[in-house]
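Contents: one structure, followed by commentary.
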Amino acid sequence: MAEFTAQVREAFDFHRLVFRIGELSSMTDVSARQLRYWEKKGLITSREREDGQQARVYTFKTFIKVSMMKYFLDAGYTLNGAAKQAQAREERVKYIHKFISTGMKGFAEIDGQMALNLGRFDDEQTLMAILPDEGEVHYKLLPNAEAQRVMAEIKA
DNA sequence: TTTCTGACA
DNA sequence: TGTCAGCA
């Protein structure tokens with residue numbers, strides 16, 4: 001399991017996935033001229049190339065932002081408006097990431113239903129969110145030992 | 001070949 | 001924004 005996780009991390013190591021301006025341009029349908037202009041205005045960023053060549057390098061994160069800006073631009077927003085929308089989306093993603101990484105401790109199965117471990121509720125109990133295939137999500141407090149047991153079952 | 005900056009439209 | 005020049 002740990003090996004699989006490591007492989008997934010390796011495959012999705014976005015930090016090492018970078019593009020040159022021509023690549024980003026064809027990927028997003030945003031001209032190189034626009035990309036340079038947007039950068040000049042501080043709407044997007046690029047890195048210097050480590051090999052000393054004078055050519056921009058864009059990260060995956062920038063690719064996402066450019067894609068979003070292109071989308072809003074096509075939807076009729078002005079350049080600044082599109083940038084603002086993209087920025088707002090970035091904030092939401094950050095918030096969601098924080099929410100998930102701090103609140104979600106893993107999946108489990110309770111009475112045949114998928115459940116989400118939301119962490120310690122108090123000294124004795126753990127809060128679980130029950131996610132039925134049908135019907136509404138509801139919550140349940142399990143004794144810590146019980147919670148540990150259902151979590152362990154999933155890993156096995 | 002590709003990218004870069006600056007200039008003109 | 002597109003395009004072209006003149007470099008690296």
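Here is how names work: the chains are called A, B, and so on, in the same order as the sequence lines, proteins then strands, and each is numbered from 1. Values below: every heavy atom of this structure, side chains too, minus hydrogens, waters and symmetry copies. Model, not experiment: these values are computed from the prediction.
Among C:dG2, C:dT1, B:dT3, the nucleotide with an atom closest to any side-chain atom of A:S31 is C:dG2. Across B:dC4, B:dT2, C:dT1, the shortest atom-to-atom separation from the side chain of A:W38 is found for C:dT1.
Between A:Y77 and A:F72, the ring planes are perpendicular. Angles over 60° get that label, and only those under 30° would be called parallel.
A salt bridge links A:E146 and A:R149; the closest N-O separation between the charged side-chain nitrogens and carboxylate oxygens is under 4.0 Å.
C:dT1 atom P lies 10 Å from atom CG of A:D74, rounded to whole Å. Here C:dT1 presents its P atom at 15 Å from CD of A:E39, a figure rounded to the nearest Å. Per the geometry, CD1 belonging to A:I21 stands 15 Å off C1' belonging to B:dT1, to the nearest Å. Taking atom CG on A:L24 and atom C1' on B:dT3, their separation rounds to 14 Å, with Å as the unit. Note: OH (A:Y37) to C1' (B:dA9) measures 16 Å, nearest angstrom. Following rounding to the nearest Å, A:L35 (CG) and B:dT2 (P) show an atom-to-atom distance of 16 Å.
Taking side-chain N and O atoms only, A:R56 has a distance below 4.0 Å to OP1 or OP2 of B:dC4. Between A:R36 and B:dC4 there is a side-chain N or O to OP1 or OP2 distance below 4.0 Å.
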Practice prompt. Report the C-alpha distance between A:Q113 and A:E109 in whole Å, list the side-chain angles of each, state the deciding distance to 0.1 Å, and finish with yes or no for side chain to side chain donor-acceptor pair (under 3.5 Å).
Written response: CA-CA 5 Å; A:Q113 292 178 312; A:E109 192 175 317; over 6 Å; no
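Residues in residues 125-135 of chain A take part in no salt bridge (charged side-chain N to carboxylate O under 4.0 Å, His left out) pair, two or more places apart or across chains.
One cannot find a donor-acceptor pair under 3.5 Å joining the base of B:dT3 and the side-chain atoms of A:R20.
Look at C:dA8: its Watson-Crick or wobble partner, with both distances under 3.5 angstrom, is B:dT2.
Nearer the 5' end of DNA chain B, as judged by each residue's closest nucleotide, is the contact made by A:Y58, out of A:Y58 and A:R33.
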